[in-house]
Structure formats: structure tokens, C-alpha cells
Amino acid sequence: MSLPHSASLPMNPVSAPSTFRPLRRLSTLLYGRPGLLLGILLGPPLIWLGIIYVGSLLMLLSNAFFGLDEFSGQVRHELGLQNFVALLRPENLDVILRTVGMALLVTLTCALLGFPVAYYMARYTSGKTRALFYLGIMLPLWSSYLVRVYAWKLILAKEGVISWLAGSLGLDWLLDGILSLSVIGGPSLSFSRLGTFIVFVYVWLPFMILPIQAAVERIPRSLLEASGDLGATPAQTFRTLILPLALPGVVAGSIFTFSLTLGDYIIPGIIGNSTMYIGQVVYIQQGTAGNLPFAAAFSLVPILIIAVYLSIAKRLGAFDAL
């Protein structure tokens, strides 16, 4: 008795379409050779980092050992240390010290402002409340960097909101007194070192809050309860328990705030007076001045500073909180 045409037997698995056979062979090959699979997965990013990124960076920094012809303005491919000697001039050392000082001050301020916010998020929020905190911290990062900086330029301007508020409260004398200080003052907050500092803190503060919040969240509540049961005051618990355990998060956040401040040239160019920072010197030397060798030599300064800073951060366990 013959079966109906609609009730024919199912296809034999052996007789699968031939188009799947190469894929099956490739899958078998990769399964038997995990090293080959790892090489295929890591090959493209390693080529990008090793050749395109690191290679181009090394080629740029190699220009630091070349010189610039004073008459033609062309790069002379003759090895020398004249650019590194120029870094030791007083005006260049002043730029380096000023930039490092600003980066340290911004990092310290971000830590002081960010720690209470991060601690409150980790210990006293959950669900929708924590989501609102995350949204409030991350929302500025979703907008354009330049838009935020130019918005602060308007806020800090002589006709801006802060000047208007100071006038409404009768605090013109206080604002004028601050601006009259030679170290941090200027014609207005938007043309002063104080204004540059304020914008730096605002822009990089989220990069400090999030690592601290992650570090505090890892502290077991049982340790805090045990500290209270043993008679420790809240101040003692914070000083001897919370702060040491949260320190890797603080150091991890400082990596972002310190390095980003150290190399930024946009904020000092938009907010601030004619005071120069490392990023501005590198930008001007390789752009307007056309002195690529000296710009490359100056680029080594933040790289070396960050290398030392990262080695210290690694000893403090900062990478565990990233």
C-alpha cells in the first residue's frame, strides 16, 4: 500500500542542504582549536590597538627628537634633545605646574562633592529613586560637550545668571572682590581661572560619582552593623571602615578627572583668560605655530604624568573599582 503524497517521510538529517556543510566544517574546526578561535576574535582589535593606534602614537612621539628649520619651517629629521631642553624653560615649566595643579584641585573637589552623592545613592536609594539619581548624573553626558561649555560661558558671563543673582541679593561687592583677586579673578567669571575651575568640576563630576558609588555598594551592610554593635560612632565607622573600603573607587574616579583635566584644551580656551595649559600649548604648537616636534615633546609630559599616576592608583587598588 503506497503512502499519500502529503504524508511522505521526513528528510534524512544526513541529506541536509549542501550550503550548511562548509559552516559545519568551520564550526568543527574552531571547536577543536580554541586558540584559533581566540585569535580570530582578538586579531582585529589587537591590530587596531597595536598597529593603527599605538603605531601612529609612537610615530607622532618620534617627532619629539626632530627639530624645526627656522627659515623654511620644515621638520629637520636630525635626532636631538633640543625640544626636551626647551621644556625646562621657566615659561614651559609654569604651564606644566599650572596644569597639574588645576588637575589636582579639580580631582580633590570632585571627590569632596561626589562622595556624599555616591554614598547616598548606594545606601539610601533603590528602585525608581536610584534610577532618577542615575538619570540626573548621566543626563548631562548625553548632551554635546561644546553645548555644555558654551552654556556655562553664558552663565558665568558679566551679564549672566550668577552676576544677576549676586546683584539681586546685594552681593555685588563679594563677586567683585573675588574677581579682583590676581590669582583666580578676571573681568568676569567667564574670563577667569575660577570660571575654568568651576566648569572643569561640573563636566567631570559624573566620572567621579559613579566609581565611588560602585565601591560603596560593594561594602557589606553586615560590616556597618558590626561596627555599630561594637560601639563605634558614625564618624569612627566612616573613618576606619567606609573610607578605606571606598578608597579604590575614589582613586578610580580620580583617574578620569585628573587625566581628562590634564589634557583638555577646549574649556581653558572658551572659559578663561590668556592663561595657558598643556593642551592649549600642544594645540597651538602643532596647529598655528606648525612646530610639530615641540608639540610632540610637550605631549610626552601628560603621558608620563598619567603613567606615574596610574602606577600609584594600581597600588591603591583603583582598577578593582573601575
Side-chain angles (χ1 to χ4, degrees), residues 95 98-121 124-125 129-210 212-213 253-254 256-258 260-281 283-284:
V95 171
R98 183 186 306 117
T99 306
V100 174
M102 175 65 78
L104 290 174
L105 187 60
V106 169
T107 298
L108 178 61
T109 305
C110 286
L112 293 176
L113 295 177
F115 197 99
V117 178
Y119 184 82
Y120 186 85
M121 284 179 60
Y124 299 104
T125 63
T129 306
R130 181 171 296 185
L132 288 176
F133 268 87
Y134 276 120
L135 183 63
I137 294 171
M138 299 294 293
L139 189 60
L141 301 179
W142 299 346
S143 61
S144 171
Y145 172 85
L146 288 176
V147 170
R148 285 179 285 152
V149 175
Y150 274 108
W152 269 100
K153 186 175 182 64
L154 296 176
I155 293 173
L156 299 174
K158 200 172 186 64
E159 302 80 13
V161 175
I162 294 181
S163 297
W164 172 83
L165 184 61
S168 301
L169 298 176
L171 298 176
D172 294 13
W173 59 273
L174 179 59
L175 182 60
D176 293 338
I178 294 175
L179 294 176
S180 65
L181 298 176
S182 59
V183 178
I184 62 175
S188 67
L189 285 175
S190 61
F191 291 96
S192 63
R193 292 187 188 179
L194 179 59
T196 305
F197 166 75
I198 292 173
V199 178
F200 268 137
V201 172
Y202 165 78
V203 172
W204 307 139
L205 184 59
F207 296 94
M208 177 65 76
I209 293 177
L210 296 178
I212 298 178
Q213 189 269 338
S254 70
F256 295 107
T257 57
F258 183 81
L260 291 172
T261 305
L262 198 65
D264 194 283
Y265 68 95
I266 297 178
I267 291 177
I270 298 176
I271 310 290
N273 46 25
S274 58
T275 304
M276 300 296 292
Y277 294 86
I278 291 178
Q280 290 175 291
V281 173
Y283 176 76
I284 293 173

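Atom set for the values below is all heavy atoms of this structure, side chains included, hydrogens, waters and symmetry mates excluded. Note that the structure is a prediction, hence the values are computed from the model and not measured. One-based numbering along the sequence shown.
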Just list the side-chain donor-acceptor pairs under 3.5 Å for residues 155-166, sequence neighbours left out, or say none.
from, atom 1, to, atom 2, distance (Å)
S163, OG, A157, O, 3.3
S163, OG, K158, O, 3.2

Name each donor-acceptor pair under 3.5 Å that joins a side chain in residues 196-206 to protein atoms two or more places apart or in another chain, with its distance.
from, atom 1, to, atom 2, distance (Å)
T196, OG1, S192, O, 3.1
T196, OG1, I271, O, 2.7
W204, NE1, T261, OG1, 3.3

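- Separation of atoms CG (L210) and CD1 (I137) is listed at 5.5 Å; rounding is to 0.5 Å.
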I'd like a table of donor-acceptor pairs (distance under 3.5 Å, sequence neighbours excluded) in which one partner is a side-chain atom from residues 98-113, with atom names and distances.
from, atom 1, to, atom 2, distance (Å)
R98, NH1, M276, O, 2.5
R98, NH2, D94, OD2, 2.2
T99, OG1, V95, O, 2.8
T99, OG1, I278, N, 3.0
T107, OG1, A103, O, 2.7
T107, OG1, T257, OG1, 3.2
T107, OG1, F258, N, 3.4
T109, OG1, L105, O, 2.8

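- Looking at residues two or more places apart in sequence or on another chain, you find no side-chain hydrogen bond (donor to acceptor under 3.5 Å, both in side chains) involving Y265.
- When the side-chain contact (heavy atoms from CB on, under 4.5 Å) test is applied to S180, no partner is found at least two apart in sequence or on another chain.
- Annotation: the span from L169 atom CG to L175 atom CG amounts to 11.5 Å, rounded to 0.5 Å.
- The side-chain contact (heavy atoms from CB on, under 4.5 Å) test applied to F191 returns K153, P187, S188, not counting sequence neighbours.
- Residue pairs meeting the side chain to side chain donor-acceptor pair (under 3.5 Å) criterion with at least one partner in residues 129-141, sequence neighbours excluded, are T125-R130, R130-E217, Y134-Q213.
- A distance of 11.0 Å separates CZ of F207 from CD1 of I209, quoted to the nearest 0.5 Å.
- Residues passing the ring pair (Phe, Tyr, Trp, His ring centres under 6.0 Å) test with Y119, sequence neighbours excluded: none.
- A distance of 4.0 Å separates CD1 in I270 from OH in Y150, rounded to the nearest 0.5 Å.
- Not counting sequence neighbours, the partners of W142 by the side-chain contact (heavy atoms from CB on, under 4.5 Å) test are L135, M138, L139.
- A heavy-atom distance below 4.5 Å is found between the side chains of Y145 and D264.
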